[in-house]
Undergrad: 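Right, I'll just put the structure down here and ask away after.
We're numbering straight along the sequence, starting at 1.
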Amino acid sequence: YSNLTQGIYYLNVTANDTVGESSNSSTRTILIDRTNPNITLSSPANNTYTNVTSQNFTANITENLGIANITLWIYNYTNSLINQTTLIGYATGTLETTAGIVVSLVDNIYSWFYNAYDWAGNLFTPAYNYTITIDTLPPSISSIFYSPNITAQLDPNTQLIFNATINDTWAGVNTVILQFYNGTWRNYSMSRNSGTNLNGNYNTSLTLNSINDSYTFNIWYNDSSGNY
């Protein structure tokens, strides 16, 4: 036979002689499959930032004739292989499954994906990876500058300019707020005017009240993983 379509075929041979004696061979199974499996990465979502170190990496896998095995691959920021876990034992004819493997990770940036083989040896690997950033540490502030110098007394209606240098290791600084108090807390968003979200300078300005008053200030900040 030639030009067979994809599918599962069963083959056996029966022979007989001129006196009517016959014999049958055992039945052989032949699988013809030219189609790769398909994988849809699920969770964690691409470009996730989190402070949760234990993650369930999930994907949906489909196949036209049967899934043989599935492998999860995780690489860190320096492209070192961190995890390689293969799932096997799928029943013959399994055409769809959801894979989920729980992995505990340390602070770093990771890329991850699944690949899958079918019983004919066809391999599918996604065209792109998902990324996840694990960051359990809050940002840190390394310097605060203000102009004029508010350790001295200032006149009413003076404009104050605040600058703060804030650092974060993995996820990057997300929000910086100047909190200013003179009986009521007021929030002023601070914008990055130089550097990166891993090491940047943030500033804002405000004008003091037109009457004599005393003030307290605080700078609040967090990163993209929710640490503060």
Side-chain angles (χ1 to χ4, degrees), residues 41-58 74-80 82-83 100 102-112 128-228:
L41 302 179
S42 261
S43 64
N46 194 22
N47 296 320
T48 289
Y49 293 87
T50 182
N51 53 20
V52 178
T53 57
S54 180
Q55 294 289 323
N56 185 14
F57 294 89
T58 63
I74 303 176
Y75 292 85
N76 69 7
Y77 182 71
T78 60
N79 207 35
S80 297
I82 300 301
N83 184 278
V102 177
V103 181
S104 292
L105 300 168
V106 299
D107 287 15
N108 212 299
I109 300 172
Y110 300 91
S111 61
W112 68 276
Y128 56 91
N129 306 329
Y130 273 17
T131 63
I132 179 172
T133 299
I134 305 291
D135 186 352
T136 60
L137 299 176
S140 61
I141 190 165
S142 58
S143 62
I144 301 174
F145 301 96
Y146 25 77
S147 177
N149 187 339
I150 59 174
T151 60
Q153 293 184 347
L154 299 175
D155 292 330
N157 294 320
T158 297
Q159 183 184 56
L160 288 176
I161 299 174
F162 287 82
N163 289 275
T165 300
I166 302 176
N167 313 291
D168 194 61
T169 305
W170 293 109
V173 175
N174 182 57
T175 303
V176 182
I177 296 174
L178 171 67
Q179 300 173 321
F180 210 70
Y181 181 79
N182 66 326
T184 302
W185 283 106
R186 290 177 290 169
N187 292 332
Y188 298 84
S189 178
M190 300 186 71
S191 301
R192 188 174 81 242
N193 63 351
S194 65
T196 69
N197 63 348
L198 297 178
N199 181 10
N201 184 75
Y202 296 78
N203 73 345
T204 191
S205 63
L206 59 89
T207 301
L208 299 180
N209 291 338
S210 59
I211 60 175
N212 292 333
D213 214 337
S214 61
Y215 301 88
T216 301
F217 76 91
N218 178 62
I219 295 178
W220 182 94
Y221 43 87
N222 72 351
D223 64 22
S224 296
S225 290
N227 304 302
Y228 60 91

Undergrad: Indicate the atoms forming the closest heavy-atom contact of Asn197 with Tyr202, along with that distance.
TA: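 Heavy atoms only, the tightest pair is CA-OH, 4.0 Å.
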
Undergrad: Between Leu160 and Tyr146, does a side chain to side chain contact (heavy atoms under 4.5 Å, CB included) hold up when you go through it step by step?
TA: CA-CA 7 Å; Leu160 288 176; Tyr146 25 77; 5.7 Å; no

Undergrad: What heavy-atom pair brings Ala171 and Tyr49 nearest, and what distance separates the two atoms?
TA: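 Scanning both residues, the minimum pair turns out to be O-CE2, 3.5 Å.
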
Undergrad: Side chains of Trp220 and Asn187: closer than 4.5 Å at any heavy-atom pair?
TA: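 Sidechains of Asn187 and Trp220: no contact.
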
Undergrad: Who are the side chain to side chain contact (heavy atoms under 4.5 Å, CB included) partners of Val102, not counting sequence neighbours?
TA: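 For Val102, the residues satisfying side chain to side chain contact (heavy atoms under 4.5 Å, CB included) (neighbours in sequence not counted) are Ser54, Asn56.
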
Undergrad: With distance as the sole criterion, is a donor-acceptor pair present between the side chains of Thr131 and Asn47 under 3.5 Å?
TA: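 Yes, side-chain donor-acceptor contact under 3.5 Å.
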
Undergrad: Does the side chain of Thr165 pick up a donor-acceptor pair with the side chain of Ser143 at under 3.5 Å?
TA: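 Present: a donor and an acceptor within the cut-off.
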
Undergrad: Using every non-hydrogen atom in the two residues, find where Leu198 and Trp170 come nearest and quote the distance to one decimal.
TA: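 Heavy atoms of Leu198 and Trp170 come nearest at CD2-O, 3.8 Å.
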
Undergrad: Rounded to the nearest 0.5 Å, how far apart are CD1 of Ile219 and CG of Asn163?
TA: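 Rounded to the nearest 0.5 Å, the CD1-CG separation comes out at 9.0 Å.
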
Undergrad: Does the side chain to side chain contact (heavy atoms under 4.5 Å, CB included) test come out yes or no for Tyr215 and Asn209, once each step is laid out?
TA: CA-CA 10 Å; Tyr215 301 88; Asn209 291 338; 3.4 Å; yes

Undergrad: Apply side chain to side chain contact (heavy atoms under 4.5 Å, CB included) to residues Asn167 and Asn199 and explain how you reach the verdict.
TA: CA-CA 4 Å; Asn167 313 291; Asn199 181 10; 2.6 Å; yes

Undergrad: Can you tell me how far OG of Ser210 sits from CG of Leu208, rounded to the nearest 0.5 angstrom?
TA: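 So the gap between those two atoms works out to 10.5 Å.
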
Undergrad: Provide the closest heavy-atom pair for Leu178 versus Met190 in the form atom of the first, atom of the second, distance.
TA: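 Taking Leu178 first and Met190 second, the nearest heavy atoms are N-CG, 3.8 Å.
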
Undergrad: Do Gln55 and Thr50 pass the side chain to side chain contact (heavy atoms under 4.5 Å, CB included) test, and can you show the C-alpha distance, the side-chain angles, and the key distance before you say yes or no?
TA: CA-CA 10 Å; Gln55 294 289 323; Thr50 182; 3.6 Å; yes

Undergrad: Assess the pair Phe217 and Phe162: is the distance between their ring centroids shorter than 6.0 Å?
TA: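 Yes, the ring centres sit under 6.0 Å apart.
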
Undergrad: When rounded to the nearest 0.5 angstrom, what distance separates CD1 in Ile161 from OG in Ser147?
TA: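 Nearest 0.5 Å value for the CD1-OG distance: 5.5 Å.
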
Undergrad: Compare every heavy atom of Tyr221 with every heavy atom of Pro139, then report the nearest pair and how far apart it is.
TA: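 Closest heavy-atom pair between Pro139 and Tyr221: O-CE1, 3.5 Å.
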
Undergrad: Please find the pair of heavy atoms, one from Gln159 and one from Ser205, that lie closest to each other, and give the distance.
TA: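 In terms of heavy atoms, the two residues are closest at NE2-OG, 3.8 Å.
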
Undergrad: What's the spacing between Thr216 OG1 and Phe180 CZ if we round to 0.5 Å?
TA: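 These two atoms lie 8.5 Å from each other.
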
Undergrad: Under a 3.5 Å cutoff, is there a donor and acceptor pairing between the side chains of Thr53 and Ser104?
TA: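 There is no such pair (donor and acceptor under 3.5 Å, judged by atom type) between the side chains of Thr53 and Ser104.
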
Undergrad: So among Asn51, Thr169, Asp107, which one has a side-chain hydrogen bond (donor to acceptor under 3.5 Å, both in side chains) with Thr136?
TA: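 The option that passes is Asp107.
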
Undergrad: What's the separation between atom OG in Ser214 and atom CG in Asn182, rounded to the nearest 0.5 Å?
TA: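 Atom-to-atom, Ser214:OG and Asn182:CG are 7.5 Å apart.
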
Undergrad: Could you give the distance from CG (Asp223) to CG (Asp135), rounded to the nearest 0.5 Å?
TA: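 Atom-to-atom, Asp223:CG and Asp135:CG are 4.5 Å apart.
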
Undergrad: Do the side chains of Val173 and Arg192 get nearer than 4.5 Å, heavy atoms only?
TA: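 Heavy-atom side-chain distance check fails, nothing below 4.5 Å.
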
Undergrad: Main chain of Asn193, side chain of Asn201: is a donor-acceptor contact present, judged purely on distance under 3.5 Å?
TA: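 No; zero donor-acceptor contacts below 3.5 Å.
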
